[in-house]
There are 4 protein chains.
Amino acid sequence: MSGVSTAADRAAERAEQRRADIVHAAFKVFTQRGYHATGIADIAGELGIGHGTFYRYFENKRDILVHVLADAAKRLLSVIDFDEPGDTDSLAEYRAQTERICHRLFTLFAESPELVRLLFVEGLAADPELTELTLGTHRAIAEGTALYLRNGVHKGFLPADLDVEVTAHALVGVIISCGLSLLTAADPVAERDRWIRAGTRVMFDGIAH
Amino acid sequence: MSGVSTAADRAAERAEQRRADIVHAAFKVFTQRGYHATGIADIAGELGIGHGTFYRYFENKRDILVHVLADAAKRLLSVIDFDEPGDTDSLAEYRAQTERICHRLFTLFAESPELVRLLFVEGLAADPELTELTLGTHRAIAEGTALYLRNGVHKGFLPADLDVEVTAHALVGVIISCGLSLLTAADPVAERDRWIRAGTRVMFDGIAH
Amino acid sequence: MSGVSTAADRAAERAEQRRADIVHAAFKVFTQRGYHATGIADIAGELGIGHGTFYRYFENKRDILVHVLADAAKRLLSVIDFDEPGDTDSLAEYRAQTERICHRLFTLFAESPELVRLLFVEGLAADPELTELTLGTHRAIAEGTALYLRNGVHKGFLPADLDVEVTAHALVGVIISCGLSLLTAADPVAERDRWIRAGTRVMFDGIAH
Amino acid sequence: MSGVSTAADRAAERAEQRRADIVHAAFKVFTQRGYHATGIADIAGELGIGHGTFYRYFENKRDILVHVLADAAKRLLSVIDFDEPGDTDSLAEYRAQTERICHRLFTLFAESPELVRLLFVEGLAADPELTELTLGTHRAIAEGTALYLRNGVHKGFLPADLDVEVTAHALVGVIISCGLSLLTAADPVAERDRWIRAGTRVMFDGIAH
DNA sequence: TATGAATGAGCTTTCATTCAT
DNA sequence: TATGAATGAAAGCTCATTCAT
C-alpha cells in the first residue's frame, strides 16, 4: 500500500512479467514445433533472451510445460465458468445457456487452435506424468460441466437418474473432438457453427429427434 | 502347394513373424514409457534381440511407430466394422446394435488400455506429421460411425436434417473420452458399463429424457 | 598333368576365379565410392553374391583392399617392366625408350583413372599401415625407374654423379602428378600427350633447354 | 581503441583462440591416426575439453578437416609465396632462387611431416569431395610455380615453347614425392639436401648433364 | 540479474563380422 | 560351399542443464 520498498516491488513485478513472457513464448513454440522438438534455446530465442536466463525463472523444460498447460487450462475453464450453473431454471434456459457456452468455447477453439493443440495433443503425450495432469484438466472440465447437469437434476428439468459424471465426461469428449476437428478445418467459423448446432442437438434431443 | 522353395517360404514366414514380434514389443514399451522416452534399445531389449536386428526390419524409430499405430487402428476399426450398418431397419434395432458395438469397443478399451494410450495419446503427439496421421484414424472411425447414421437417415428412423458428419465426429469424441476415462478407472468393467448406458442414452435420447 | 583329382582342380580353379572376380568388383566400387564409404555389401552386391560369401575368400575389408592394391600395382609395374633397362646404349635410345614407357603409362592413366585413384589416392590414406604399403609401391616404381638410370650411368651416357635413387623418386613424382592431373582432365588424351612431351623434356633437357 | 566492449572483445578473442586450438589438435590426431580412425572424442580429448564443446566451434567432423586442410595449405603456400617470381632476371638467379625455395619447402617437410601427411595423404582420400579440394590445393601450388616459369619465359632465360602449366605440375609432382620420401626417411635432413640437389639438377639440367 | 560457454549423458544409426542353416 | 540373419561395438551428434563471469 505504502511507497515503502517500491524498488523491490518493481523488481518482483518485472520478474512476474518475465515469467509471463516466457510462458507466452513457450506456448507459441510448443504449439508450433511440438514439445519434444522444441529446445530451451527456441523459447529463449523467441524472446531474445539468453537461454541461461530461462533457468532463473523455471526449473527445467518440463516445468515450463506445466505452467503453459496450467495457463491454457485456466483460459479454457474461464470460458466455461463464465456462466453460472444455478442461473437456469428450465430446460429451455439451460439449452440457451449451453449454446452460449458452446459458442464461446468453440469460438476460442477456432481462434486459437494452439490452445487445442496444447491441451488435447501436446500436453497429453509429453510424458506419462503429464498425461495424468492433462487428463486432470479434462476431468476439471467435466466437473465444470457436471455442475450444470446437477443444477438441472436438482431443479427437476433433467431426469433424476441421469449419470451426471459419465454424461459430463462424454460431453467433454464432444468438446475435445470439436477442438481437434477445428484444427484441420478449412473454414473454422463455419465448422464451429455446425458443431454448436449438431452438438447441442445431440446433447439435448439425442440423434433421434 | 508343392514342397518347392519351402526353405524360402519358411524364411519369409519367420521374417514376418519377427516383424510382428517387434511391432508387438514396440506397442508394449511405447505405451508403458511413451514414444519419446523409449529407445530402440528398449524395444530390442523387450524381445531379447540385438538392437541392430531392429534395423533389419524397420527403417527407424518413426517407422515402427507408424506400423504400431496402423496395427492398433486396424484392431480398433475391426471392432466397429464387425457389424453391418445396413442391418438395422428401426431405431430400436439400431439402438441395440449400438449397444453391442459400444460393448465390444469399450470392452476392448477396458482390456487393453494400451491401445487407448497409443491411439488417443502417444500417436497424437509424437510429431506434427503423426498428429495428422492419428487424426486421420479418428476421421476413419468417424466415417465408420457415419455409415450407421446414414443408414438410419436413409431408412427414415433418423431425422433427415441430421448433420451426419459432425454428429459422427461428436460420437467419436464420446468414444475417445470413454477410452481416456477407462485409462484411470479404478474398476474399468463397472466404468465401462456406465459408459455404455450413459453413452447410448445421451446419444439416442439426449440428456433430457 | 594327369586326369587325377580333376574335380578338386576344377574347384580350386573356380575358387581362384571367384577371388579374381571379387578383387575386380572391389576395385570398381572402391574407386567409385572410396574405400571407407564402401561396404562389404556393396562389393558382394556388385557381384550378385551373398556378402557372407565374401568372407570365404578374404579375411576382412582391409584384406581385400590389400589384394586390390597389389593387383593394381602389378598392372602398373608391368607397364614399366615391359621394357628392358639394359636394351639402350645411348641417350637417344634411352630417350626413345622413355617416351615409349611414358606413352604406355600415361595411356593407362588416361584409360583407367580408377587405377590412379586407387594407387595414388585411396590406397594412400585407407589407414596408416596401408600408407606404408602404398608408399612401398611407389618405391617399387622408383626402383624400376632407377634400373634404367643405372643402366645409363653404367653405359656412360648418363653422368656418373647422378643421384640415381632420388632422381628416380623425383620422376615417380612426375608420374603421380600426371596421374592426378589426368583424373580431372577434360580431354585426357590431349593432356596425356602434353605430359609425355613436357615430362620427357624436363627429364632429359631440364627446363632451360 | 577505447575500453568499450572489452568484455565482448575478449570473448571473441578467446573463441578465436579456441578455434585455433581445436584446429591444432585435430591436425595432430588426424596425422597420427588418420582422418577416418579419428573420433571427435579424440580431438576433444587431446585438448581436455568435452566433445560437446567441439560442436560449438565446428559444424561436424568434415568441417574441421576442411579447416585443418586450409590451414595446412596456407602454411605450405606461404613458403612458396615468400619469394617474388619477378625478382630474377637470369637463369642463374632463378636457379639460386629455386634452391632457396626448395630449401625452405623441404625443410618444412622434414620438420613437419604431419603437414605432408595431411596435404598429400589424408586430405587426398578423406572423401571424394575432399579429393577435389586437395587436388585444388595441388593446383594452387602448381599455379604458384607457374608464375616463376612464366617470369623466366618472359625475361627470355627460359625457352618460349616451354609448356609452363604441365611443367609446373610436374614440378609439383617432384615436391609431392619429396614430401612422401621424407615421411619415411631415416635421416630427413640429409635426405632433404639430396632432394634439393637432385631436384634442382634435374629441373634445370635434366638428367643428362 | 543475465548470460552463453562448457559439458556429457544418451540417443539413433551403421556396418564389419560371425555362424547356423 | 553359399547365404544372409543376427549382432553389438562404435561413432556422430544434440541439447538440457550448470556455473563462472
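Just so it is clear: chains get the letters A, B, ... in the order the sequence lines come, proteins before strands, and each one is counted from 1. Just so it is clear, the model here is predicted, and its values are computed rather than measured.
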Output the distance between atom CZ (D/Phe27) and atom CD (D/Glu122), rounded to the nearest 0.5 Å. 11.0 Å
Worked verdict on B/Arg33 versus B/Glu46 for salt bridge (charged side-chain N to carboxylate O under 4.0 Å, His left out): CA-CA 12 Å; B/Arg33 310 176 201 199; B/Glu46 179 71 26; 5.2 Å; no
Length of the line joining B/Leu47:CG and F/dT7:C1', which is rounded to integer Å: 15 Å
Hey, does A/Gly52 reach any base, or is it just sugar-phosphate, or nothing, if we go heavy atoms under 4.0 Å? base
B/Ile64 atom CD1 is separated from E/dC11 atom P, nearest whole Å, by 18 Å
Taking all heavy atoms of D/Val68 and all of D/Val23, pick out the closest pair and write down the distance. CG2-O, 3.6 Å
In whole angstroms, how far is the C1' atom of E/dT1 from the CD atom of A/Glu13? 17 Å
Do the numbers put C/Lys61 on top of the ring of C/Tyr55, so that NZ or CZ is under 6.0 Å from the six-membered ring centre and no more than 45° off the axis? no
For DNA chain F, write out the stems as range with range, using runs of 3 or more consecutive Watson-Crick or G-U pairs with both distances under 3.5 Å. E:2-21 with F:2-21
For C/His36 and A/Gly50, find the nucleotide of DNA chain E closest to each by heavy atoms; which residue's nucleotide sits nearer the 5' end? A/Gly50
Considering only heavy side-chain atoms of B/Tyr55, the closest of F/dG12, E/dT12, F/dA6 is E/dT12
Expressed in angstrom and rounded to an integer, what is the separation of A/Ile40 atom CD1 from E/dT3 atom P? 15 Å
Rounding to an integer number of Å, can you tell me how far C/Phe30 CZ sits from E/dA16 C1'? 12 Å
Counting only side-chain nitrogens and oxygens, does D/Tyr57 get under 4.0 Å of the OP1 or OP2 atom of E/dA6? yes
Start with the C-alpha distance between A/Asp63 and A/His67, add both sets of side-chain angles, then the distance that settles side chain to side chain donor-acceptor pair (under 3.5 Å), and finish with yes or no. CA-CA 6 Å; A/Asp63 186 31; A/His67 280 85; 3.3 Å; yes
With DNA chain E as reference, determine whether C/Arg56 or C/Glu59 sits nearer its 5' end, using the nearest nucleotide of each. C/Glu59
Heavy atoms only: give me the nearest D/Tyr57-D/Ala15 pair and the separation to one decimal. CE2-O, 3.8 Å
Let me know the distance between CG of B/Asn60 and P of E/dT12, rounded to the nearest Å. 10 Å
Note: for D/Arg62 and C/Ile49 on DNA chain F, the residue whose nearest nucleotide lies more 5' is C/Ile49
Looking at C/Arg75, I want to see if its CZ is surrounded by more than 12 non-hydrogen atoms of other residues, nucleotides or ligands under 6.0 Å. yes
Report the residue (B/Arg14 or D/Ala41) whose heavy-atom-nearest nucleotide on DNA chain F is the more 5′ of the two. B/Arg14
Would you mind reading off the distance between C/Phe58 atom CZ and F/dA2 atom C1', rounded to a whole angstrom? 16 Å
Going through the checks in order, is the salt bridge (charged side-chain N to carboxylate O under 4.0 Å, His left out) test met by B/Glu132 and A/Arg117? CA-CA 12 Å; B/Glu132 295 317 307; A/Arg117 185 144 236 136; 3.7 Å; yes
Please state how far atom CZ in D/Phe54 lies from atom C1' in F/dC15, giving the value in whole angstrom units. 17 Å
Between the base of E/dT7 and the side chain of D/His51, is there a donor-acceptor distance below 3.5 Å? no
Within less than 4.0 Å of OP1 or OP2 of E/dA6, is there a side-chain N or O belonging to D/Arg18? yes
Counting side-chain heavy atoms from CB outward, which of F/dA16, E/dA2, F/dT7 is closest to B/Thr53? F/dT7
